[in-house]
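See below for the structure under consideration.
Bear in mind the structure is a predicted one, so any value in this text is a computation, not a measurement.
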Amino acid sequence: MTNTISDLLGSAAERAVPVVRGIAEDRLADPTPCTEYDVRALADHLIQVVINFQALAAKKDSDFSFVPHYTETEGDWRGRFADETAALTEAWAAPGAEEGTTGSLGMPARTVGQMVLGDLTVHAWDLARATGQEFTPDPVVVGELSVSLEAMAPMARQGGVFGEPFPVPDDASEFDRVLALTGRNPRWQP
């Protein structure tokens, strides 16, 4: 049985929200495994992703044309993240959200849902690792990402979204393999 994107996102959000809530103000300038972002910029980016993929679930266009500053302009940006991830899960639970193509991406809707699932999970790990928090993703989510991100990897690398695969040992965990697929070192430390 195939898990719905909404169910997967709900599980991923349950694990991501505590990480975002656990980011201390004095850690916002710290580096992350996602080298182009510090903690502040990555938190801002992740909120922007979660908002835009709500629109994509509704077959509307996304807007990544600006650099967000939620962590500077929102009083309770951590609460906003929690609210927006709940809205994301709800948006992908709407009838027809996983059917057809979505937005200007012109991609299958389920694939687009898997993209945001990947962002939510991998960036939660990035933020946890950068801020000294624990993060253990749902094994069902990891199983979904293992297959879907492998399929997306060539296009993601071509678009500069993924780096070159990071080498991992044969006995690496499934999640370490997912991280490595995106170009991350699963053993990254600040």
Side-chain angles (χ1 to χ4, degrees), residues 2-23 32-34 36-37 39-58 62-64 68 70-71 74 77-94 97-98 102-103 105 107-131 133-153 156 159 161-162 174-184 186 188:
T2 302
N3 293 295
T4 67
I5 292 297
S6 178
D7 287 344
L8 293 164
L9 286 169
S11 181
E14 284 177 12
R15 312 234 178 169
V17 167
V19 169
V20 171
R21 287 194 187 279
I23 298 172
T32 72
C34 195
E36 63 269 25
Y37 296 112
V39 170
R40 177 186 305 280
L42 186 56
D44 286 336
H45 168 72
L46 187 54
I47 296 168
Q48 183 183 41
V49 165
V50 167
I51 291 168
N52 274 285
F53 277 79
Q54 292 170 42
L56 291 169
S62 57
D63 181 9
F64 287 96
Y70 303 108
T71 58
E74 298 276 327
W77 59 270
R78 293 167 190 86
R80 171 128 191 227
F81 176 75
D83 293 345
E84 296 294 353
T85 57
L88 176 71
T89 300
E90 186 176 311
W92 283 92
E98 288 191 48
T102 188
L105 297 174
M107 296 173 67
R110 183 163 176 92
T111 300
V112 172
Q114 291 164 332
M115 290 167 63
V116 71
L117 180 65
D119 271 21
L120 188 57
T121 304
V122 172
H123 287 325
W125 176 85
D126 290 332
L127 290 168
R129 188 56 63 109
T131 59
Q133 300 181 65
E134 292 297 317
F135 178 75
T136 304
D138 181 332
V140 175
V141 169
V142 173
E144 179 79 17
L145 293 176
S146 183
V147 174
S148 63
L149 294 186
E150 180 74 39
M152 289 181 224
V161 177
F162 286 5
E174 189 174 20
F175 188 53
D176 282 357
R177 291 180 184 287
V178 166
L179 294 170
L181 181 67
T182 69
R184 286 165 173 77
W188 185 92

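- Side-chain atoms of F53 and V112, non-hydrogen and from C-beta on, do get closer than 4.5 Å to each other.
- Of all non-hydrogen atoms in P33 and A130, the two that sit nearest each other are CD-CB, 4.4 Å.
- Looking at residues two or more places apart in sequence or on another chain, you find a side-chain contact (heavy atoms from CB on, under 4.5 Å) between A153 and R157, F162, L181.
- The one candidate from P137, P139, S146, P186 that meets the side-chain contact (heavy atoms from CB on, under 4.5 Å) condition with F175 is P137.
- Side-chain contact between F135 and R129: absent, with no pair of heavy atoms (C-beta onward) separated by less than 4.5 Å.
- The number of heavy-atom neighbours closer than 6.0 Å to CD of E36, taken from other residues, nucleotides and ligands shown, is above 12.
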Fill in: Working for side chain to side chain contact (heavy atoms under 4.5 Å, CB included), residues H123 and C34
CA-CA 8 Å; H123 287 325; C34 195; 3.8 Å; yes
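- Contact check for Q133 versus I23: side-chain heavy atoms found under the 4.5 Å cut-off.
- Heavy atoms only, all atoms of each residue included: L8 and V141 are closest at O-CG2, 3.6 Å.
- Summarising the geometry, atom CG belonging to L42 is positioned 5.5 Å from atom CG belonging to D126; distances are rounded to the nearest 0.5 Å.
- Checked by atom type and distance alone, the side chain of D138 never pairs as donor or acceptor with a backbone atom of A12 at under 3.5 Å.
- Minimum heavy-atom separation, L120 to L46: CA-CD1, 4.1 Å.
- Note that CG of N3 and CG of L9 are 11.0 Å apart. Values are rounded to the nearest 0.5 Å.
- Here CD of E174 is found 11.0 Å from CG of L179. Values are rounded to the nearest 0.5 Å.
- With sequence neighbours excluded, no residue satisfies side chain to side chain donor-acceptor pair (under 3.5 Å) with S6.
- Counting only residues at least two apart or on different chains, the salt bridge (charged side-chain N to carboxylate O under 4.0 Å, His left out) pairs with a member in residues 140-150 are R110-E144.
- Side-chain atoms of R80 and I51, non-hydrogen and from C-beta on, do get closer than 4.5 Å to each other.
- For the pair R78 (side chain) and G22 (backbone), a donor-acceptor distance under 3.5 Å is absent.
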Item to complete: Give the intermediate values and the outcome of side chain to side chain contact (heavy atoms under 4.5 Å, CB included) for residues M115 and V49.
Response: CA-CA 10 Å; M115 290 167 63; V49 165; over 6 Å; no
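- In terms of the salt bridge (Lys or Arg N to Asp or Glu O under 4.0 Å) criterion, residue partners of D176 (sequence neighbours excluded) are, by chain and number, R187.
- Atom OG1 of residue T111 and atom CD of residue E98 lie 10.0 Å apart, to the nearest 0.5 angstrom.
- Checked against ring-ring contact (aromatic ring centres under 6.0 Å, His included), Y70 has no partners two or more places apart in sequence or in another chain.
- Of all the heavy atoms in T136 and R15, the pair that sits closest is O-NH1, 2.8 Å.
- Judged by distance alone, with hydrogens and angles left aside, the side-chain atoms of T85 form a donor-acceptor pair with the main-chain N or O of A82 at under 3.5 Å.
- With a 4.5 Å cut-off on side-chain heavy atoms, Q114 and V147 do not count as touching.
- For the pair T32 (side chain) and Y37 (backbone), a donor-acceptor distance under 3.5 Å is present.
- Residues A97 and A91 share a closest heavy-atom pair of CB-O, 3.6 Å.
- With contacts defined as side-chain heavy-atom distances shorter than 4.5 Å, the pair Q48/H45 qualifies.
- In this view, T71 and R40, A43, D44, W77 satisfy the side-chain contact (heavy atoms from CB on, under 4.5 Å) rule, not counting sequence neighbours.
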